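Single-structure report; data block below.
No experiment lies behind these values; they were computed from the predicted model shown. Basis for what follows: all heavy atoms, side chains included, without hydrogens, waters or symmetry-related copies.
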Amino acid sequence: MMTSDPRWLRLLRAEADKTSIGRAAIRVGYSRTAVSQALSGKYPGDMAKLERMVLNALELPMAVACPHLLLNLPTTMCHGFSSKAAPTHNPVQMMHWRACQICPNKSDATSSSQD
């Protein structure tokens, strides 16, 4: 790891090293490909947006342990997924959404994201 890397990239790299690139991508709300490209310095997209997403996801002090994904998620991400309309177009997301509807973290994410 280069010391000249920006903080958000160091956080992203640490998360990918701790879990995996795929899990880090889920946590920050980007595709595995985009995260891999960012870590290798080849991401062609909006770097400022990626930076905001990484910092929001990885520096956010309020997090919940998602029993479905087996990850710690920011409460805003947890609440956002559990409160959205059922994703009937995607069976994998639908399984996740159904798990959210009975998750004990649902009320914690709802109350802490409405600050």
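Hydrophobic clustering, with ILVMFWY side chains joined whenever heavy atoms are under 4.5 angstrom apart, keeps L69 apart from W97. Under the 4.5 Å side-chain heavy-atom criterion for ILVMFWY residues, a single connected hydrophobic cluster contains both M47 and V35. Following chains of ILVMFWY side-chain contacts shorter than 4.5 Å, one can reach W8 starting from Y30, so the two form part of one hydrophobic cluster. Neither L73 nor F81 shares a network with the other; the hydrophobic side chains, linked directly or stepwise wherever heavy atoms of I, L, V, M, F, W or Y lie under 4.5 Å apart, form separate groups for each.
Minimum interatomic distance between P67 and A65 (heavy atoms only, all atoms of both residues): CD-O, 3.2 Å. Taking both residues in full, the closest heavy atoms of A34 and S31 are given as N-OG, 3.0 Å, listed atom of the first, atom of the second, then distance.
Side-chain atoms of L9 and L39, non-hydrogen and from C-beta on, do get closer than 4.5 Å to each other.
Going from atom CZ of R13 over to atom OG of S40 covers 9.0 Å, rounded to the nearest 0.5 Å. To the nearest 0.5 Å, the span separating CG on N90 from NE2 on H96 amounts to 11.5 Å. The CZ atom of R32 sits 4.5 Å away from atom CD1 of I21, with the distance rounded to the nearest 0.5 Å. Interatomic distance, Q101 CD to R98 CZ, rounded to the nearest 0.5 Å: 10.0 Å. Taken from CD1 in I26 to CD in E15, the straight-line distance is 10.5 Å, to the nearest 0.5 Å. Separating the NE2 atom in H68 from the SG atom in C103 is a distance of 10.5 Å, to the nearest 0.5 Å.
At least one donor-acceptor pair under 3.5 Å links the side chain of R27 to the backbone N or O of N72.
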